[in-house]
Amino acid sequence: MNNGNPPDLAVERLEKIRRTLKASGVVRVDDLSREFGVSPATIRRDLRTLESDGQASRVHGGAVLSGGRLDEPLFEDKQEIAAGEKGRIAAAARDLIEPEECVFLDGGSTVLALARLLRAMRSLTVVTNSLRVAAILSEGGPRLILVGGELRRRSQTFVGALTQPVIERLHVDKAFMGTIGLAMLEGLTTTDPAEAMTKQLMMSHAGVVVLLADSGKIGKVAFARAGSMDDVDVLITDKGAPAAFLREARKSRTRVVTV
């Protein structure tokens, strides 16, 4: 691997990284290192240069476009965003659940709205990594299985490598997932790599993956990729979703439901 840094090549590389950032909103050190044939340390220096110029904000493993980073709001704040749309999406998701199924509930605020609708379904089995979902279902209702691991306080979910041994022993009929960002090229994205890993692992152990995403999530890209649109069997969103995105989603294997 070439660790040299001739000035003309460095300038050309910086310009290409700048264009990639502008186009996608996010770059990763390992990807850029392979693309340019330089060391990760060289790429990190480039990203520091872009950050000092105000063109990028460094994050773990890469950088995001300055001013374009998707920050994750506090859980209480998330519940207030598009609350009406989230309620309708949750109701549509509830209609997909059959008695005696085993389902996974992710940690998103829209999925939490779905959990409130399941308290009367006593023959259902619910697997979750969400403390908030567990609290709603802890006093009665479906059989409840809580996936352990490291608690991520921002999302109130258990995430990371310690969740893997449990998830790998399970198979659920349907997984109801949330996301911070959703785009055709970048897929499902979130702000935390450990949470992204847990999401992707759980989706691989589900018969059907149902993504609950209000229209405000569409077209947004966060740092960590949790899956592609090919991983999503059903997308439930609201009627404010961009028509162009819905057309592209319907061309894929994803069934789209708008409420």
Side-chain angles (χ1 to χ4, degrees), residues 26 28 30 59-62 70-76 78-79 90 93 96-97 101-116 118 121 124-139 141-182 186-213 217 221-235:
V26 60
R28 293 172 175 81
D30 289 345
V59 295
H60 179 72
L70 261 183
D71 289 321
E72 182 178 357
L74 294 172
F75 197 94
E76 288 74 12
K78 285 196 289 187
Q79 293 184 89
L96 298 180
I97 299 175
E101 282 191 325
C102 180
V103 301
F104 176 79
L105 299 186
D106 192 25
S109 55
T110 310
V111 179
L112 187 64
L114 171 61
R116 295 190 179 98
L118 303 182
M121 298 187 68
L124 193 67
T125 296
V126 171
V127 180
T128 187
N129 67 331
S130 167
L131 276 181
R132 299 298 180 99
V133 169
I136 285 175
L137 300 178
S138 62
E139 295 184 1
R143 178 190 183 199
L144 179 64
I145 298 173
L146 184 60
V147 175
E150 180 182 354
L151 176 64
R152 182 172 182 254
R153 290 184 173 86
R154 188 81 176 185
S155 60
Q156 294 286 287
T157 53
F158 291 106
V159 301
L162 292 175
T163 67
Q164 187 169 348
V166 175
I167 292 175
E168 287 185 338
R169 295 172 68 93
L170 301 175
H171 179 83
V172 297
D173 296 301
K174 298 182 178 80
F176 293 87
M177 310 299 298
T179 189
I180 297 294
L182 178 64
E186 294 81 3
L188 289 69
T189 52
T190 186
T191 57
D192 182 75
E195 186 148 40
M197 182 275 286
T198 301
K199 286 174 179 286
Q200 192 152 34
L201 181 62
M202 192 64 240
M203 289 191 292
S204 71
H205 286 261
V208 176
V209 174
V210 184
L211 179 63
L212 312 185
K217 308 286 181 65
V221 179
F223 177 62
R225 192 169 191 261
S228 72
M229 284 300 295
D230 288 340
D231 296 318
V232 178
D233 298 294
V234 183
L235 167 65

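Computation of the quantities below employed the complete heavy-atom set of this structure, encompassing side-chain atoms and omitting hydrogens, waters and symmetry-equivalent molecules.
Remark: the backbone N or O of Phe223 is paired with a side-chain donor or acceptor of Arg28 at under 3.5 angstrom. Checked by atom type and distance alone, the side chain of Asp106 never pairs as donor or acceptor with a backbone atom of Phe176 at under 3.5 Å. Side-chain atoms of Arg225 come within 3.5 Å of backbone N or O of Glu186 as a donor-acceptor pair. In this structure, the side chain of Lys199 engages the main chain of Gly178 through a donor-acceptor pair within 3.5 Å. At least one donor-acceptor pair under 3.5 Å links the side chain of Ser228 to the backbone N or O of Asp230. The backbone N or O of Thr189 sits less than 3.5 Å from a side-chain atom of Thr179, completing a donor-acceptor pair.
For the pair Met202/Val209, no side-chain contact is recorded, criterion being any heavy-atom separation below 4.5 Å from C-beta on. Counting only heavy atoms from C-beta outward, the side chains of Val172 and Val103 never approach each other to under 4.5 Å. Two residues are said to be in side-chain contact when any heavy atoms from C-beta on lie closer than 4.5 Å; Leu146 and Phe158 meet this criterion. At a threshold of 4.5 Å between non-hydrogen side-chain atoms, the residues Leu124 and Leu118 count as touching. Side-chain atoms of Thr198 and Glu150, non-hydrogen and from C-beta on, never get closer than 4.5 Å to each other. Within the 4.5 Å cutoff, side-chain heavy atoms of Leu188 are placed close to those of Leu182. With contacts defined as side-chain heavy-atom distances shorter than 4.5 Å, the pair Phe104/Met177 qualifies. Between Ile167 and His205, some side-chain heavy-atom pair lies under the 4.5 Å cut-off.
The one candidate from Val133, Leu212, Val127, Asn129 that meets the side chain to side chain contact (heavy atoms under 4.5 Å, CB included) condition with Leu105 is Val133.
Taking OG from Ser109 and CZ from Arg132, the interatomic distance works out to 10.5 Å, rounded to the nearest 0.5 Å. Taking CG from Asp233 and NZ from Lys174, the interatomic distance works out to 10.5 Å, rounded to the nearest 0.5 Å. Atoms CD1 and CG, from Ile97 and Leu114 in turn, are 5.0 Å apart once rounded to the nearest 0.5 Å.
Nearest heavy-atom pair, Ser138 versus Ala135, reported as atom, atom and distance to 0.1 Å: OG-O, 2.9 Å. The shortest non-hydrogen separation linking Ala134 to Thr128 is N-CG2, 4.3 Å. The nearest pair of heavy atoms linking Thr110 to Ala90 is O-CB, 4.0 Å. Of all non-hydrogen atoms in Ser130 and Gly107, the two that sit nearest each other are CB-CA, 3.8 Å. Among all heavy-atom pairs drawn from Glu195 and Thr157, the shortest one is OE2-OG1, 2.8 Å. Closest approach of Gln156 and Arg153 over heavy atoms only: NE2-O, 3.0 Å.
For the pair Arg154 and Asp192, the salt-bridge criterion is not met [side-chain N within less than 4.0 Å of a carboxylate O].
Taking Gln200 as the reference, Asp231 meet the side chain to side chain contact (heavy atoms under 4.5 Å, CB included) condition, with sequence neighbours excluded.
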Going through the distances and angles, do Thr191 and Arg152 end up as a side chain to side chain contact (heavy atoms under 4.5 Å, CB included)? CA-CA 12 Å; Thr191 57; Arg152 182 172 182 254; 3.1 Å; yes

